[in-house]
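First the structure, in the form of structure tokens, and then the observations on it.
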Amino acid sequence: MSHAEDNSILVYPSPDEIPLFVKDLLQNGEEVVAVVKTDLVGGDYGEEQVVLTNRRIMVVNEKLSNSLPLSKVVAASIRGYINTCVLTVDTEEGSNSLAVFTRGRLEAFDKFVTIINNMVVGKIPYELLKNQLLSKMKEGQKQRSVRAAILRLLGLLKPIAPLLVASVVVAVAIRLVGLVQPYLMKILVDDVLTAGRADLLIYVIVGLLAINLVNTLLNTLNAFFGTKLNVAIVNTLRSRVYRKLHELSLTHYDRFGSGGLWSRVVDDVNRVQWFLTSAFIPLFINASMVAFVGVTLATLNLWLTLIALMPIPVSVAGNLIYRKAASRYYHRLWRKWSRIVSVISDTINAAILVKSFGKEEDFTKKFEGYQTDYERAQMDVFKFEQQIWPAVGLAFTASSLLIWWFGGHDVLKGSMSLGSLMAFTSYMWQFYSPVFGLIENVRNLQLLAVAAGRIFEILDLEPDVQEAPDAIDVELDGGIECENVWFTYDGIHYALKGVTLRIRRGERIGLVGPSGSGKTTLAKLFLHLYDPQVGSIKYDDTDAKRIKLNSLKDQVAIVLQNPVLLDATIADNIALGKGDVAPEEIIAAAKAAKAHDFVMKLPEAYDSEVGMQGSRLSGGERARVALAAALLKNPKVLILDEPTAALDALTEDEVTEELEKMTKGRTTIIIAHRLSTLRFTDRIVVMENGKVVEEGTHEDLLQRDGLYKKLWEAQLRGLTRMTTIEANEQVSREEYVTQVQ
């Protein structure tokens, strides 16, 4: 929902973002919900504004060209063609093609259409829709000044402040000691070589030797403190960010993705470490050098010192321009980098998927495309910087040439000694060098603020699921009640729409429905991994929000459809759900999940490593290990998401029989597409499009002409086709044998 690009969607735009000609069309009480721009008008390139309000849809091209009341809209959709797409709205009178656009704007129009359908098809309460859209817009929009970001960063690094101060002191001392050498060279030229004072030569040589010895000691200390500081910065920040990751809700993982979070934990922490040591500490060094060298220059020649100061106003102006615009460029640059990290992460985590579908080339093209985008962003940064820094550098070059011109004339006239001019020019570059350093420091401080801001974006997140201050430990009986539950992941697409469901203590419920009907989302809400935006989920008349999270998760277990295992041993993965577990308990749970037999066939049995995400085990083996981990908890409520989907028919039958025994008297929710898995359930709940559409026993539901009956008949037709095919193949084989004989 970015407002920065033309191909994005504006959701609840501010008054300044709404064009004047659109404002003039609004009626009393009418507010703009969303605005998208087309890039075609008819068949030609052009631009129109498609505006959704709480009352109608308008197409505006400096004047109103079309308007449809929402009360007449039945649904909205997008029709895709080879190079173009058409926004189509169905009304009671027929279909209307409202706008034409290229595929470059498809993502924005897809969100636009979803919001329309939420209002007219989903009948989502308008205030709920508005609140969710506004809350999603506000996430991540907080901007910080460079000063505020750095001050807060230093606050985080307070434990290592003594080390930071020591590094600054040693670094400044190295620079100050370096100021003595040009002055000794002046004495060598004017008082020793020119005046012929051989007796002073030994003092100059000893002085130069002493400076070098002190420099060697200080540089050793500087390297020691620098190494310690780098390690301390990275460890302190990365630990804070990593701890925060465990506090975040799943919505934040959905929002940032694995690549975005990885980039902040690794890349941005590394950037902060580099920028602190390359910009923040040198800032003090360069500032102190400018002050000390400036005073030294003034004592040598005040007139030449004024000439040396001439470029300073130019550099200040350049810094102001740079600071005003730089963060926008660097935010864009690092967003592009996060996309590269994401595709790398996806390639590694889903390697088997990529290879099995032969999508290596597609992912390579995607990766190279992101690299090209990142390269373009880098070039944009370069072009922006080249508008500022060359002019600043030219000002310093002109100043140094003027000093040689006027200083040379002073030496020729005898009003200034050669040693003084040589010392002045040497100090001049020691003056310009920290000034250039300050410019670079300001530049890097801007980058530091951006990197720190990305870290603070994570640290500032408040978990969507929080334990209430008055939360209590509750001993669950197993009764669950959902009351008018609405839920959306992104503020636009609603996965659950007014779900009301009651599950009795010890009841075994089957949850069925087409893919995307909201079954798994409802299961995640039962575990309080998410909070519903509207409605409540209660356990034994206690709102889940008032139950301590650990108390709830100790008594409610879930086995996901595609279980992900830790990169550890089988025993460690089974014991994950319960602390201080005895080996006998692990084996008992594995036997209950029908995992013991295959585990014992492995070379190291329960000590076998499963690999990253369980990659060394088959899908069925992973499912049984995950089921064993859930059963080990002996939960009051057991949620099984497609528990037998990855199992062969024989193992499925064995596991189903074992589940029937173990779930007797235990509140159990089984999500399944294979309806045969639900043969022992007490009741079946059917979901479609985020709503509960049917409830009842298997026999009751078959007597109704509803969705469950269609699903059941579809599965029977599939089995019938398989039987027919097998029978035909058998007949063909018999005929072939007869002919041969």
For Ala232 and Leu163, the nearest pair of non-hydrogen atoms, with its separation, is CB-CD2, 4.2 Å
Where do Ile586 and Ile574 come nearest, in terms of heavy atoms and distance? CG2-CG2, 3.8 Å
Measure the spacing between CG of Leu221 and OG1 of Thr216 and express it to the nearest 0.5 Å. 11.0 Å
Any idea which heavy atoms bring Asp473 and Ser551 closest together, and the distance? OD1-CB, 3.3 Å
